[in-house]
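See below for the structure under consideration.
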Amino acid sequence: MPPLDLAAAPEAPAIPRTLRQIRHLPGPFALPVLGNSLQLKLPRIHRDVEGWVRRYGPFMRAWFGRTLVLVVADSVAVAAILRDRPDGFRRPLSSYLVSEEMGGIPGLFLAEGNAWRNQRRMVMAGMAPGAIKAYFPSLVTVAQRLQRRWQAAAQQGQPISLDGDLKRYTVDIIAGLAFGTEVNTLEAGEDVIQRHMDAILPAVARRSLSMLPYWRYFKLPADKRLERDVAALDRAVSDLVQQARVRMEQDPARRLRPPNLLEAMIAAADEKDSGVDDRAVAGNVLTMLLAGEDTTANTISWMIYLLQRHPHALARAREEVRRVAPDMAGFTIEQMNSLDYLGACASEAMRLKPVAPFLPLEALRDTVVGDVAVPAGSIVWCVLRHDTVSDAHFPDAQAFKPERWLKQGQEGQVNNSRAAMPFGSGLRTCPGRYLALLEIKIAMAMLLGSFEIAGVDTPDGGEAQELMGFVMSPVGLSLRLAPPR
């Protein structure tokens, strides 16, 4: 039973000789058969588990129905678990089965073992910084559409639904990069692929965390609609793959210098011994859309909300944007890379409001996490927002202080930046990290350079509520804008 490589992290504790067993750890009272399932609600399951951790400690047990779960909130142990992927841990088999039952096509998100390694090479080629830099003018074009949409709303005094508009922004960017075809949901309305995705994502989250897989025995009307959405999405993505193949056959130069991610993945898949077929290509295109729409859009929403509530930080971010990148039409990638404080605001927003506050995994072999024996097949629930909001790791941890991410802001402070893992850690770090950060900076630079934020409102006028679905999102934020002063 080899221990995880905790020693690779600073200040790692020594592995004790006597190991604790998961079922003997502290945890909430559990009912027979039902376990702790009645104490958990999907819309706030992340908060419920975080509350348990504060009460029972960073290594605790819980029963999800009849499944015994090890909950780990210690950031050193979580990082070691994430570094042990894909060989030591995988996403729970139940998540893969849910995808298969829904007729899903495989992608990097759910792939494991050799299939993951083969697909990772293909995806990384398309997501390399050089490829993203070549696409930069298209990113700015999409942001200009968002700017025009928001200018019209500001002139009419209309509130803006952040959730809807920012999802359109991210879909237009990702679809253009992935497919090489222009998708303009910001100005032309909803796209067929986006419509089906918006129906599928909540179902993936709901079914993955369901204690009773009723849909395997009977289907409700919602389940039948879901089947139609999945089938339509599968057809749409497969058609895009075939269209790309036709373009590449007609113009062989596209194979040597693919102009978009889809064609880059097809070229990589066609290489000898790639281990990848068109189904895997389609799966990864779909994965990009599924993973990139909600995550980036919600991070931008949280960032706008937090900045509006902290006027000093908002003023500093605005000043940096208007000094470094004053003309949106002339945005350059070098300007975006120079927006250090804006980048710090993004890091601070992801620390306080991570769109993925937890990650459930399954042990592939007997191992040790901290001082706990973990048999193969055990489910480990990694809590990613615990040490990140602890004063032991970030002084005044509950406060929004972007300067803590700047080098000059760390003098006299001890900020454990390793505790924050918004894009994961190890080999399975999110391949879209560079694109996501660039999308965030461009959207925020457009907003702060073109408008004054008159208000960010919640449905009840109070604090923004967190809703856990496929990712963690703010509930019903609306943005009010005014012309720049």
Side-chain angles (χ1 to χ4, degrees), residues 9-11 44 46-47 49-51 53-54 58 72-79 81-82 162 166 294-314 316-317 320 339-359 381-426 429-430 432-434 436-441 443-444 456 463-468 471-474 477:
E11 301 178 6
R44 53 166 295 117
H46 62 299
R47 303 290 299 214
V49 176
E50 287 170 358
V53 168
R54 288 191 294 272
V72 180
D74 177 85
S75 58
V76 172
V78 169
I81 291 168
L82 298 184
L162 279 177
L166 290 175
D294 280 18
T295 51
T296 305
N298 285 322
T299 296
I300 299 171
S301 290
W302 282 121
M303 190 172 169
I304 294 171
Y305 171 75
L306 290 167
L307 279 171
Q308 195 272 337
R309 291 176 58 82
H310 296 85
H312 176 75
L314 175 61
R316 183 171 174 180
E320 181 187 61
L339 293 171
D340 296 331
Y341 188 74
L342 195 62
C345 291
S347 295
E348 186 71 343
M350 289 186 286
R351 179 184 72 85
L352 292 169
K353 301 292 185 180
V355 294
F358 63 84
L359 178 64
W381 186 282
C382 298
V383 177
L384 299 175
R385 183 175 60 177
H386 177 67
D387 285 357
T388 58
V389 291
S390 165
D391 289 340
H393 294 268
F394 293 91
D396 197 9
Q398 298 297 322
F400 180 74
K401 293 184 175 181
E403 58 272 14
R404 73 171 84 242
W405 295 95
L406 302 174
K407 290 181 180 180
Q408 63 266 31
Q410 294 181 2
E411 296 178 4
Q413 298 185 23
V414 182
N415 290 304
N416 181 14
S417 60
R418 290 187 178 89
M421 295 169 275
F423 295 99
S425 183
T429 298
C430 174
R433 178 179 183 274
Y434 183 78
L437 292 173
L438 200 53
E439 288 180 77
I440 292 168
K441 281 190 172 182
M444 291 302 302
V456 179
E463 295 281 331
Q465 298 299 304
E466 299 175 354
L467 176 68
M468 192 68 221
V471 296
M472 188 190 80
S473 59
L477 292 186

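Positions are given from 1 along the sequence.
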Exercise for the section: Would you indicate whether the side-chain heavy atoms of P395 and R404 approach each other to under 4.5 Å? Expected result: yes
Given side chains that start at C-beta, do those of V53 and W381 come closer than 4.5 Å, heavy atoms only?
no
Rounded to the nearest 0.5 angstrom, the CZ-SG distance for F358 and C382 is 11.0 Å
Problem set entry | Under 3.5 Å donor-acceptor, T299 side chain and T295 backbone | yes
Quick one: are I304 and L162 in side-chain contact, heavy atoms under 4.5 Å? yes
Heavy-atom nearest pair, A346 first then M303, reads N-CE, 3.6 Å
query = Counting only N and O atoms by type, is there a donor-acceptor contact under 3.5 Å from the side chain of D391 to the main-chain atoms of A397?
reply = yes
CG (L82) and OG (S75) are apart, to the nearest 0.5 Å, by 11.0 Å
Side chains of W302 and P474, heavy atoms from C-beta outward: is any pair under 4.5 Å? yes
After noting the C-alpha distance and the side-chain angles of D387 and N416, does the key distance pass the side chain to side chain contact (heavy atoms under 4.5 Å, CB included) rule? CA-CA 9 Å; D387 285 357; N416 181 14; 5.8 Å; no
Nearest heavy-atom contact between A443 and I300 is CB-CD1, 4.0 Å
(message) Checking V72 against V383 for the side chain to side chain contact (heavy atoms under 4.5 Å, CB included) test, could you report, in this order, the C-alpha distance in whole Å, the side-chain angles of both residues, the deciding distance, and whether it holds?
(response) CA-CA 6 Å; V72 180; V383 177; over 6 Å; no
Closest heavy-atom pair, F400 versus A349, reported as atoms and distance to 0.1 Å, is CE1-N, 4.0 Å
L342 and A317 have their tightest heavy-atom pair at CD1-CB, 4.3 Å
Checklist entry - Charged N to carboxylate O under 4.0 angstrom, R44 versus E50? => result no
*Examine distances only and state if a side-chain atom of Q398 and a backbone atom of V389 form a donor-acceptor pair shorter than 3.5 Å.*
yes
Q) Is it true that a side-chain atom of E320 and a backbone atom of D340 form a donor plus acceptor pair closer than 3.5 Å? A) yes
Here the gap from C345 atom SG to L314 atom CG, rounded to the nearest 0.5 Å, amounts to 8.5 Å
Shortest non-hydrogen pair, P402 vs Y341, comes out as CG-OH, 3.6 Å
### Message
Salt bridge or not between E466 and R385? Use side-chain N to carboxylate O under 4.0 Å.
### Response
yes
- Message: With a 3.5 Å distance limit and no angle check, can you tell me whether N298 reaches the backbone of S473 through a side-chain donor-acceptor pair?
- Response: no
Value for CG (L339) from NZ (K441), rounded to nearest 0.5 Å, stands at 5.5 Å
Smallest heavy-atom separation, P354 atom then M472 atom, equals O-CE, 3.4 Å
Test item: side-chain donor near acceptor, Y305 and E463, under 3.5 Å: yes
* With a 4.5 Å heavy-atom cut-off, do T388 and H393 have their side chains touching? -> no
With R351 as the cation and F394 as the aromatic partner, state whether NZ or CZ is under 6.0 Å from the six-membered ring centre and within 45° of the axis. yes
Worksheet item: Quick check: does any side chain N or O of S301 sit under 3.5 Å from a backbone N or O of A297, one acting as donor and the other as acceptor?
Response: yes
Output for pair (I440 CD1, L166 CG), nearest 0.5 Å, gives 10.5 Å
Could you tell me whether E348 and K401 make a salt bridge, using a distance below 4.0 angstrom between a side-chain N and a carboxylate O? no
